[in-house]
Number of protein chains: 2
Amino acid sequence: MAKHKKSFCAEDLRARILTQDIAPGSDLDEARLAEEYGISRTPLREVLQRLAGGGFVRLEENRGAKVESMDFATMRVFFQTAPLIYCSVARQAAENRTSRQVADLKDIQHEFIGVARAGDAASAGLLNHAFHEKIGDMARNPYLLAGLRRMLIDHTRLGQTFFAPQSEADKTRVTKAIEQHDAMISAIEAQEPNLATDLTLQHWDLSRDQLEKFVRPDPLPLDVLSMKERRNAL
Amino acid sequence: MAKHKKSFCAEDLRARILTQDIAPGSDLDEARLAEEYGISRTPLREVLQRLAGGGFVRLEENRGAKVESMDFATMRVFFQTAPLIYCSVARQAAENRTSRQVADLKDIQHEFIGVARAGDAASAGLLNHAFHEKIGDMARNPYLLAGLRRMLIDHTRLGQTFFAPQSEADKTRVTKAIEQHDAMISAIEAQEPNLATDLTLQHWDLSRDQLEKFVRPDPLPLDVLSMKERRNAL
DNA sequence: AAAATTCAAATTGTATACAAAAAGTATTGG
DNA sequence: CCAATACTTTTTGTATACAATTTGAATTTT
């Protein structure tokens, strides 16, 4: 029973960090969380250590745990590195996948489609995460997988808005993402590394466009500032 | 004091794993280690959790910690992935390094040369590890760094023989490795990404040749088995 | 004798009490 | 009124006792 509560705690904290229910940079109070999850501080600390090992959390000597933050510098690196890691992983996934893993991936995609169509943004984000992590498993490359996992933490957190469509155009993008996942599954199942790589790159492009729009939104229309005010500002 | 003993424990276990003083696959007994390092089980477990987070150790539910093993499958992946990660990291290190970091790298290299020439294989392996990890820091890429760190664990363990030269040819290889490190430092300091990448690839080739010789040694001379015996063996 | 079961020992996981460190608050002196 | 210092409170780190699980041996059963 206690074992169950501990793994629930770990899973729950992970999900809350990925969905930004707990914001980047937040302090995590041991005593409060232990109380909240009904376990003592010892196992809670072990959960935090593991989350720290996975890059979800940062531990600082004598001053507790903080959710790993996302500064501008790392976001730049994120956009720079994502294609390399995602494509390398996809290629090897197509080469090395087992049929068992393909079945798992299809299950995840099935669930993903359900919640994404229903507009459950948090679940969609987490299942999208699971989808890409599963492809990481398939690649059977612990070195790339380590990098992929770090990348997915930031990607999922940044992309929280992606699956909460506002406009019709947003809904189209979600539909497109679903179709791309299906195509990726087919390529991986058919063991076509080149195709899997291409499709992954397209999928990344879609995600990147959306993310950049969020990170670097369209500038406000200039005329909200009258000429007078602009002159005064100088 | 206790804080000091804990970090010593963490550092020492890390070093013993990297030098194969503790062999891959070994069981780590909590009680024994806690006693050995003069700390209680609680902080020792935290050390193990962290080592697990870094990929040094694998924790299994209710059956303790084992040093991460190296099977044939991952070795294949290792040879496949190393050039990609090392070169990507080197390129970005050349682009992003600070002069402070270059100074640190030179210090490491200086120490490295000392112990390598003295034939202290364990220290040379650890300092070679530190050298490449420092280049990882310089790249300022947490995603690639995560993969690099995993890779270095296996590389350092596999390469334990590298810095324990037997023949004259081995000594030549160590000298060459030292020179390559110097050249890499220069390229990084001069912020020449292409050169840094080329030199890294050459450095990898040297290491790979040595590793492959160790993993797949020259076959024994056939004539140790007489013709009679070979006929009998059939 | 081989397999299964039960019991004992060892090992891992958790809770709690205590120690050490950091953060916050009040008090004192300028 | 501000600044510095001492004191209190809160939070983090460690040790230890206890609970739960696994491992290994001995006994029983087939």
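Residue numbers begin at 1 in each chain, while the letters A, B, ... track the order of the sequences.
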Glu30(A) CD to dA22(C) C1', in whole Å, measures 13 Å
The nucleotide from dT23(D), dT14(D), dA23(C) with an atom nearest the side chain of Arg63(B) is dT23(D)
For Arg14(B), is there an ion pair with Glu133(B) - N to carboxylate O distance below 4.0 angstrom?
yes
Steps toward ring-ring contact (aromatic ring centres under 6.0 Å, His included) verdict (His155(A), Trp204(A)): CA-CA 11 Å; His155(A) 200 160; Trp204(A) 164 248; 5.7 Å; yes
ask   = Given the rule in the side-chain contact (heavy atoms from CB on, under 4.5 Å) test, do Leu48(A) and Phe56(A) qualify, once you have shown the distances and angles that lead to the verdict?
value = CA-CA 9 Å; Leu48(A) 292 179; Phe56(A) 293 88; over 6 Å; no
Between CG of Leu48(B) and P of dT14(D) the distance, given in whole Å, is 14 Å
Considering only heavy side-chain atoms of Asp29(B), the closest of dA22(C), dT11(C), dT11(D) is dT11(C)
Here the distance between atom C1' of dT22(D) and atom NZ of Lys66(B), to the nearest Å, is 13 Å
Of the candidates dA22(C), dA15(C), dA15(D), the side chain of Ile39(B) sits closest to dA15(D)
Tabulate atom names and distances for all N/O pairs under 3.5 angstrom spanning the protein and nucleotides 16-18 of chain C.
{"unit_1": "dT16(C)", "atom_1": "O4", "unit_2": "Thr42(A)", "atom_2": "OG1", "d": "3.2"}

_Evaluation steps, side chain to side chain donor-acceptor pair (under 3.5 Å), between Arg140(B) and Gln92(B)_ = CA-CA 8 Å; Arg140(B) 299 207 175 284; Gln92(B) 295 188 29; over 6 Å; no
Rounded to whole Å, the CD-C1' distance (Glu60(B) to dT11(C)) equals 14 Å
Item to check | Worked check of side-chain contact (heavy atoms from CB on, under 4.5 Å) between Leu148(B) and Leu145(B) | outcome: CA-CA 5 Å; Leu148(B) 177 73; Leu145(B) 183 56; 4.1 Å; yes
State yes or no: are the ring centers of Phe112(B) and Phe163(B) separated by less than 6.0 Å? yes
When rounded to whole Å, the CG to P distance for the pair Asp27(B) and dT22(D) reads 16 Å
Taking for Pro43(A) and for Leu28(B) the nucleotide of DNA chain C with the nearest heavy atom, the one nearer the 5' end belongs to Leu28(B)
